[in-house]
2 protein chains.
Amino acid sequence: MLKVQASIAALEYKPNRVAQRLRSTTKKTKLLGLVIPDIQNPFFVDVVRGVEDYAYQNNFAVMIGNFGQDEKKEKLYLDILQSENIDGLIVAPIHGKDKGIENLVKKNIPVVCIDRGLTEIDVDVVKVDNEQGAFNAIDHLLSIGHKKIAFISGNFRIPTYIERLAGYKRALSEYGVPFDENLVFARDTDYKSGFEIANKILELEDRPTAIFSGNNLLTLGALEAIHSKHIRIPEEISIIGFDDMPWSISLNPPLSAVRQPGFDMGRKAAEMLYERILNPHSKKEKVILKTELMLRKSTAPLE
Amino acid sequence: MLKVQASIAALEYKPNRVAQRLRSTTKKTKLLGLVIPDIQNPFFVDVVRGVEDYAYQNNFAVMIGNFGQDEKKEKLYLDILQSENIDGLIVAPIHGKDKGIENLVKKNIPVVCIDRGLTEIDVDVVKVDNEQGAFNAIDHLLSIGHKKIAFISGNFRIPTYIERLAGYKRALSEYGVPFDENLVFARDTDYKSGFEIANKILELEDRPTAIFSGNNLLTLGALEAIHSKHIRIPEEISIIGFDDMPWSISLNPPLSAVRQPGFDMGRKAAEMLYERILNPHSKKEKVILKTELMLRKSTAPLE
DNA sequence: ATTTGTAATGTAAACGTTTACATTTATCAA
DNA sequence: TTGATAAATGTAAACGTTTACATTACAAAT
């Protein structure tokens with residue numbers, strides 16, 4: 001063994017990553033940034049796991065920022081990560097024209113967008129076919145006789161929800177059911193919003209026979225609202241949600257849902273980021289993953 | 001306005017955090033480490049949110065590592081964070097004699113332990129009264145007539161589960177029910193373990209009338225096992241879990257649980273870490289938070 | 001105008017690496 | 001043993017800050 005290497009081992013020398021990162025030009029700093037909208041949403045937790053899985057295998061550390069749908073907070077994390085000289089960044093943009101992310105891309109910092117893309121600039125993206133996913137859910141509901149279907153959505157500044165709304169509309173029009181804008185409710189993407197919106201829906205004069213909820217947390221919130229009013233699912237109302245969870249089967253009743261492959265999305269994003277770091281000028285890539293309709297017990301035919 | 005400051009503003013100068021951290025001795029690097037066992041567990045997600053909440057308010061960034069109960073991975077994150085010159089670290093030790101964390105404490109790096117303490121060394125800790133929490137759950141079960149209560153636990157190297165077992169035993173002995181070691185099952189702390197252990201329990205000759213599951217994920221896994229065998233809760237078997245979730249009420253049936261204040265725990269830990277950074281030699285603090293018994297519909301008297 | 005004090009700016013070294021060469025040491029064939 | 005080549009080690013500058021002083025500028029007070 002070499003003398004130097006022997007000493008390295010003997011003294012248990014661990015390089016200081018800060019100094020490495022300060023000096024290094026040829027990216028070997030092994031630090032990735034990951035900026036997500038809501039760590040409470042199990043879908044994003046899956047994404048995180050996917051990213052970490054790939055990162056760990058390739059000796060990267062991951063620095064996570066959770067901005068909780070707060071634009072200022074997102075900006076802060078973007079700034080911090082940039083001034084941390086990260087090798088690259090995986091981020092779910094708060095909206096399609098996110099200037100902060102655009103700037104990073106322009107500065108040639110490797111960026112991969114997840115869950116949502118950017119409209120103003122060409123960038124790597126991994127997402128899901130939201131339009132088709134929503135279409136499948138609504139198509140299912142329509143096929144079993146529902147016509148009055150409420151949509152509990154997140155904010156329409158988030159591209160994801162625009163796409164899901166498009167799927168909702170397309171299904172409706174295929175069945176010749178007119179679109180009623182009073183049936184779509186958009187607010188935040190959290191549990192509380194789901195709860196409050198569902199409460200409002202359930203008190204409507206001519207109550208919808210089915211609910212399509214735009215994400216995990218909205219679904220769970222809506223479920224609480226329905227249960228607290230002792231309305232029976234699916235006898236009195238059907239519900240199907242975007243995002244599946246391992247324990248969807250243990251909900252009351254077992255929940256029908258549009259499954260997104262969160263783990264795969266995270267893993268793929270990390271992989272693409274790695275490629276992008278190695279190869280900064282190759283063509284930007286768009287990956288659209290498929291959703292899967294999980295039919296369980298929360299949707300039933302309208303008699 | 002000063003000339004220098006004017007230029008700072010004009011050029012939108014952002015200090016390079018890496019250089020700052022490399023040079024700075026009087027800790028103003030504003031970076032915290034957070035190392036958690038399992039980001040899939042909603043309890044730890046709450047902890048993360050609590051930490052981030054405090055950090056954000058005090059302009060700290062948080063670097064999260066999720067080690068998934070893998071000791072090697074925990075070690076890696078500890079090493080990485082240390083060589084990142086972080087100001088301080090919040091960590092849930094993988095077991096009570098965690099050498100990696102002991103070393104950090106000895107090197108005078110500010111450390112706060114969450115959820116679990118360290119036996120060999122004096123360190124700041126925020127945890128919950130696990131013994132009492134488990135006692136309350138078992139006491140409730142015993143008070144409504146159950147005697148044969150299975151305990152789905154995590155690995156007994158994790159201090160938390162040792163304490164929960166102690167509470168289980170104490171309740172039993174207060175009711176004069178002999179402890180039967182064949183009723184405690186310890187494996188990993190994930191969904192799959194809960195599912196598999198519950199399956200085993202349900203096939204037992206003289207099947208327990210109640211299950212106490214050691215955490216969130218174990219509970220959810222057990223629930224799936226029970227449902228897939230079409231065993232009715234609580235008519236045929238009662239179940240109560242450690243850890244509550246916002247949507248526990250929407251489970252089938254609404255789940256009785258021992259609630260831990262995860263958000264508060266995270267926030268308190270961040271606060272204590274901040275104090276520790278400012279004041280490295282003050283007396284180490286132990287904070288024991290209270291649990292709360294949430295009685296819903298998954299436990300019923302034994303007729 | 002001169003002094004005095006304070007605020008603002010300037011200067012050089014240091015943090016622990018990487019980078020790019022220069023130099024030394026080891027290895028092998030002739 | 002010598003020379004050629006490769007491997008190992010040595011050296012100095014640079015990364016962008018902070019730290020600790022030194023210097024300069026600008027008031028207000030004499």
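Residue numbers begin at 1 in each chain, while the letters A, B, ... track the order of the sequences.
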Polar atom pairs (N or O), protein with nucleotides 20-22 of chain C, under 3.5 Å:
none

Partners meeting salt bridge (charged side-chain N to carboxylate O under 4.0 Å, His left out) with B:Lys284 (sequence neighbours left out): none
Contacts of type salt bridge (charged side-chain N to carboxylate O under 4.0 Å, His left out), residue B:Lys290, not counting sequence neighbours: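 With neighbours one apart ignored, the set is empty.
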Net bend of the helix from C:dA1-D:dT30 to C:dA30-D:dT1, end axes of five pairs each, nearest 10 degrees: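 Answer for the end axes of this duplex: 30°.
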B:Ile109: side-chain contact (heavy atoms from CB on, under 4.5 Å) partners, not counting sequence neighbours: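 Testing B:Ile109 for side-chain contact (heavy atoms from CB on, under 4.5 Å), a comparison that skips the adjacent residues, returns B:Gln82, B:Leu104, B:Lys107.
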For A:Glu71, side-chain contact (heavy atoms from CB on, under 4.5 Å) partners two or more places apart: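 With neighbours one apart ignored, the set is A:Ile94, A:His95, A:Arg157.
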B:Lys73 atom NZ, neighbour heavy-atom count above 12 within 6.0 Å: yes
Value in whole Å for how far the P atom of D:dT18 lies from NZ of B:Lys30: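 B:Lys30 atom NZ is separated from D:dT18 atom P by 13 Å.
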For A:Phe60, all residues meeting ring-ring contact (aromatic ring centres under 6.0 Å, His included), sequence neighbours excluded: A:Tyr274
Side-chain donor-acceptor pairs of residues 118-130 of chain A under 3.5 Å, sequence neighbours excluded:
from, atom 1, to, atom 2, distance (Å)
A:Thr119, OG1, A:Gly96, O, 3.3
A:Glu120, OE2, A:Lys97, NZ, 3.1
A:Asp122, OD1, A:Lys286, NZ, 3.1
A:Asp124, OD1, A:Arg276, NH2, 3.1
A:Asp124, OD1, A:Glu285, N, 2.7
A:Asp124, OD2, A:Arg276, NE, 2.6
A:Asp124, OD2, A:Arg276, NH2, 3.1
A:Lys127, NZ, A:Glu163, OE1, 3.0
A:Lys127, NZ, A:Glu163, OE2, 3.2
A:Asp129, OD1, A:Glu131, N, 3.4
A:Asp129, OD1, A:Gln132, N, 3.1
A:Asn130, OD1, A:Arg164, NE, 2.9
A:Asn130, OD1, A:Arg164, NH2, 2.9
A:Asn130, ND2, A:Val128, O, 3.4
A:Asn130, ND2, A:Glu163, OE1, 3.1

Any residue meeting side-chain hydrogen bond (donor to acceptor under 3.5 Å, both in side chains) with B:Glu84, in chain and number order, not counting sequence neighbours: A:Arg17, A:Arg21, B:Arg21
Results of side-chain hydrogen bond (donor to acceptor under 3.5 Å, both in side chains) for B:Asp115 - residues two or more places apart only: none
Throw together a table of side-chain donor-acceptor distances under 3.5 angstrom for residues 262-272 of chain B, partners on residues two or more places apart or in other chains.
from, atom 1, to, atom 2, distance (Å)
B:Arg267, NE, B:Asp53, OD2, 2.7
B:Arg267, NH2, B:Asp53, OD2, 3.4
B:Arg267, NH2, B:Gln57, OE1, 2.8

Hey, what are the protein-to-nucleotides 12-17 of chain C N/O distances that come in under 3.5 Å?
from, atom 1, to, atom 2, distance (Å)
C:dA14, N3, B:Arg23, NE, 2.5
C:dT17, OP1, A:Tyr13, OH, 3.1
C:dT17, OP1, A:Asn16, N, 3.3
C:dT17, OP2, A:Tyr13, OH, 3.3
C:dT17, O5', A:Tyr13, OH, 3.0
C:dT17, O5', A:Asn16, N, 3.4

